[in-house]
Amino acid sequence: MMVWLVLFLLLLFLAFSAFVGYKMVKPPRLIGDWTPKELGFDYEDVTIETEDGIKLSGWWIPNGSDKTVVPLHGYTASRWNDLYIKPTIEFLLREGYNVLAFDFRAHGKSEGKYTTVGDREIADVRAAVRWLREKHPESSNRIGLIGFSMGAMLTIRSLAEIPEVCCGVADSPPMDLDKTGARGLKYFAKLPEWLHIFVRPFTKLFSGGREVHPIEYADDVRKPLLLIAGEKDPLVTVEEIREFYERNRAMNAGVELWVTDAPHVRTLKFHPEEWKARVGEFLRRCMG
């Protein structure tokens, strides 16, 4: 009887772990009702198709420039995120850049059943860059990225893997997805961090993706990169981002690190003027 009870409890635990893993790779979709028109700018609804056949939904916001910046949202967010994407879009437009904003796969209005949190999403960034160069070559002489959390991971990968991207800002980038994933269980789901070791195999099973650890790209990035780390970040430690910075600056004179007292992706909220000043100066210097 005791053996059957133990087996039942074990199966129950595995079923719960599978359920958590499924929910983590299929986040709720954030879809809002505001548009760039509210910021005073005309825009176009666009569809961008990736190399693996996913149709991404986005906005093309022309601003009469030959330089375009693409904001990249984080896990569970979308281009309708009010915390950092909306103010970033407005900031970039006021600075005179064109903006291409889109929802990553399995987020917002884009297609895609599961998120892989940084693995297959590189195809989304690659597709956005390709769309820019094909549809608006006169507006994409220089292409920069501003990414937050998962988007910051993709910013780092893009600088290493996508030649057309000239510079990037990575705000609160996870460096080790195992560590951040465990902390994320506590942060997003109020579950113990140790559960991650059981949940992780199911996230891979459902999504079909591999874990991406941006620290592995520290020796590959050779382009201007501004890293932003928050001392009160519950998901990513300053030390983890500093490790990337120290490794990268050995071969990349264009890498910078800005440490603030903010929580995860909230430097823009708590220090908006300093964020805009630093990011604005970085982009002006690197975008030409």
Side-chain angles (χ1 to χ4, degrees), residues 19-63 68-93 97-132 135 145-155 158 171-172 174 184 187-190 203 206-209 235 263-266 268-269:
F19 172 76
V20 173
Y22 176 81
K23 297 295 287 185
M24 288 190 72
V25 298
K26 196 174 177 62
R29 289 176 179 264
L30 173 63
I31 300 174
D33 55 7
W34 68 269
T35 71
K37 196 73 173 178
E38 294 183 19
L39 305 177
F41 293 85
D42 292 327
Y43 74 100
E44 176 187 351
D45 288 313
V46 299
T47 299
I48 302 167
E49 187 164 351
T50 68
E51 59 199 29
D52 57 343
I54 300 293
K55 292 181 179 178
L56 308 175
S57 181
W59 294 320
W60 166 241
I61 317 170
N63 204 17
T68 296
V69 181
V70 184
L72 303 176
H73 67 76
Y75 171 70
T76 75
S78 72
R79 71 192 125 129
W80 283 284
N81 174 274
D82 289 325
L83 177 64
Y84 52 80
I85 291 294
K86 186 176 183 179
T88 295
I89 290 175
E90 183 172 18
F91 159 73
L92 291 170
L93 292 170
Y97 301 105
N98 313 306
V99 173
L100 175 62
F102 69 90
D103 303 326
F104 279 117
R105 62 184 62 206
H107 289 79
K109 286 189 174 181
S110 289
E111 292 182 349
K113 196 171 182 180
Y114 303 113
T115 177
T116 60
V117 195
D119 178 20
R120 294 179 180 172
E121 287 75 11
I122 192 66
D124 301 354
V125 184
R126 192 177 289 115
V129 170
R130 184 176 63 249
W131 184 92
L132 268 173
K135 300 291 186 179
L145 305 176
I146 299 182
F148 299 84
S149 193
M150 180 181 75
M153 295 170 58
L154 272 303
T155 295
S158 298
D171 192 323
S172 309
Y187 182 75
F188 289 108
K190 313 301 182 192
T203 62
F206 290 126
S207 72
L235 295 175
H264 195 65
V265 299
R266 282 167 174 76
L268 175 54
K269 177 182 179 180

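Position 1 is the first residue of the sequence, and the numbers go up from there.
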Backbone N/O of [Y] and side chain of [X]: donor-acceptor pair under 3.5 Å:
{"X": "Ser207", "Y": "Thr203", "answer": "yes"}
{"X": "Asp119", "Y": "Gly209", "answer": "no"}
{"X": "Glu111", "Y": "Ile54", "answer": "no"}
{"X": "Glu121", "Y": "Gly118", "answer": "yes"}
{"X": "Glu38", "Y": "Pro36", "answer": "no"}
{"X": "Asp171", "Y": "Ala152", "answer": "no"}
{"X": "Thr50", "Y": "Ala127", "answer": "no"}
{"X": "Arg130", "Y": "Ala128", "answer": "no"}

query = Closest heavy-atom contact between Ser158 and Val125?
reply = OG-CG1, 3.3 Å

inquiry  = Which heavy atom of Gly21 sits nearest to which heavy atom of Phe206, and what is that distance?
reply    = C-CD1, 4.1 Å

Going by heavy atoms in the side chains, are [X] and [Y] under 4.5 Å from each other?
{"X": "Pro174", "Y": "Leu235", "result": "no"}
{"X": "Leu132", "Y": "Asn98", "result": "no"}
{"X": "Leu39", "Y": "Ile89", "result": "yes"}
{"X": "Val99", "Y": "Leu93", "result": "yes"}
{"X": "Trp131", "Y": "Phe102", "result": "no"}

All N/O donor-acceptor pairs, side-chain side in residues 69-76, below 3.5 Å, sequence neighbours left out:
from	atom 1	to	atom 2	distance (Å)
His73	NE2	Phe104	N	2.9
Tyr75	OH	Met24	O	2.5

request  = Please assess Phe148 against Thr155 for the test side chain to side chain contact (heavy atoms under 4.5 Å, CB included), listing each intermediate value before the final yes or no.
outcome  = CA-CA 9 Å; Phe148 299 84; Thr155 295; over 6 Å; no

message = Could you walk me through whether Leu56 and Glu49 satisfy the side chain to side chain contact (heavy atoms under 4.5 Å, CB included) test, starting with their C-alpha distance in whole Å, then the side-chain angles of each, then the deciding distance to 0.1 Å, before giving a yes or no?
response = CA-CA 6 Å; Leu56 308 175; Glu49 187 164 351; over 6 Å; no

Candidate list Arg79, Arg29, Lys109, test side-chain hydrogen bond (donor to acceptor under 3.5 Å, both in side chains), partner Asp103, passing option = Arg79

key: Partners passing side-chain hydrogen bond (donor to acceptor under 3.5 Å, both in side chains) against Asp82 (at least two apart in sequence or in another chain)   = Trp34

key: Non-neighbouring partners of Arg120 that pass side-chain hydrogen bond (donor to acceptor under 3.5 Å, both in side chains), sequence neighbours left out   = none

Can you tell me how far the [atom1] atom of [X] sits from the [atom2] atom of [Y], to the nearest 0.5 Å?
{"X": "Asp45", "Y": "Ser57", "atom1": "CG", "atom2": "OG", "value": "6.5 Å"}
{"X": "Thr116", "Y": "Tyr114", "atom1": "OG1", "atom2": "OH", "value": "13.0 Å"}
{"X": "Glu44", "Y": "Trp59", "atom1": "CD", "atom2": "CH2", "value": "13.5 Å"}
{"X": "Thr35", "Y": "Lys86", "atom1": "OG1", "atom2": "NZ", "value": "9.0 Å"}
{"X": "Asp124", "Y": "Ser110", "atom1": "CG", "atom2": "OG", "value": "7.0 Å"}

ask   = Could you go step by step and tell me if Tyr97 and Ile61 meet the side chain to side chain contact (heavy atoms under 4.5 Å, CB included) rule?
value = CA-CA 9 Å; Tyr97 301 105; Ile61 317 170; over 6 Å; no

inquiry  = Is it the case that the side chains of His107 and Thr115 hold a donor-acceptor pair, with the cut-off being a distance below 3.5 Å and no angle test?
reply    = no

message = Could you check whether atom NZ of Lys26 has more than 12 heavy atoms from other residues, nucleotides or ligands sitting under 6.0 Å from it?
response = yes

